[in-house]
Amino acid sequence: MARRRAEAGAARPPVDRRDDAGPFDIIGDIHGCFDELVSLLKTLGYEVDPLPPGEGLGAARHPDGRRVIFVGDLTDRGPRNVDVLRLAMGMVASGTALAVCGNHDDKLRRYLAGNPVVLNQGLDLTAAELERTSQTFRDAALRLIEGMADYLWLDGGALMVVHAGLREEMFGTTSGEVRRFALYGDVTGEVDENGMPVRGDWARDYRGEATIVYGHTPMTRVRSVNRAICIDTGCVFGNALSAITWPEMRVMSVPAAERYRVARRPLEVPDTAEILPAETA
Ligand SMILES: [Mn+2]
């Protein structure tokens, strides 16, 4: 990957999609868990084609025209990162999925664009898989990530989808600070005793009317606090891959087939009153 691109050059996709009412199926952090993704899509009623041979893109569609929104962090740590990219690329290209950008996607973007990045936190596995693909494929993967919005504000303003979080006053705005919050959440720069960034729980302070669906912070169950719903249930850490439907707000989960990675800190356990119960297949 010899070429290098300007960091701030490309215009980002629009974040204000309030004219798009869905319906949507919003899927949490996948991190290369391809088998669980396919199983969750089928549970949600999608027809999922088998991946074509070689580097061909995947395809999936819902008979009622529903669309997926990926909440970001498609790759890293899990076993089938390129296959997740192939399916996401195919679905986004055919209009059956939208995606917002996660912190792992952003780092993968910088890697694919030829910028120097440290190959850790599971990006080492994704990079090793990508080394076996063609430059054409890697360019297409880069375009997928460049097409991911910082966040998506949808359905007349009633739904916000973002990777790590967003404050209400940021809705509809874009800046470096807003993108940082959207991708990394409320981080102060402090680290905990494990060397992990301390994350503020912005959802506790959220008072807005819009429902915010986000991922990034792995939890044992889907948690809803002040209309902020975390759907990252830590699939790659052996727990489950989850989705929430919009506007119905049904939670669907499929269990992880394996514990692909040991979490450096235990998954957050929501208070019982904050759990949105999942329907399992
Ligand atoms: Mn993640």
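Note that ligands are numbered from 1 as they come in the structure, with each ligand's atoms numbered from 1 the same way.
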Query raised in the report: Under 2.8 Å from the Mn ion (ligand 1), which protein atoms of type N, O or S occur, listed by chain and number?
Result: D29 OD2, H31 NE2, D73 OD2
Requested in this report: Return each pair, listed once, that meets salt bridge (Lys or Arg N to Asp or Glu O under 4.0 Å) where at least one residue sits in residues 235-259; pairs must be two or more places apart or across chains.
Outcome: R66-E248, R250-E279
Requested in this report: Please collect all ring-ring contact (aromatic ring centres under 6.0 Å, His included) contacts where either partner lies in residues 88-108, sequence neighbours excluded, each pair once.
Outcome: H31-H104
**Report entry** Side-chain donor/acceptor of R138 to backbone N/O of T133, under 3.5 Å
**Finding:** yes
Requested in this report: Could you point out which residue of R204, R221, R227 forms a salt bridge (Lys or Arg N to Asp or Glu O under 4.0 Å) with E274?
Outcome: R204
Report task. Determine whether I69 and M249 fall in the same hydrophobic cluster, where Ile, Leu, Val, Met, Phe, Trp and Tyr are linked whenever their side-chain heavy atoms lie under 4.5 Å apart. Result -> yes
Query raised in the report: With sequence neighbours left out, which residue pairs that include part of residues 61-103 fulfil the ring-ring contact (aromatic ring centres under 6.0 Å, His included) condition?
Result: Y46-H62
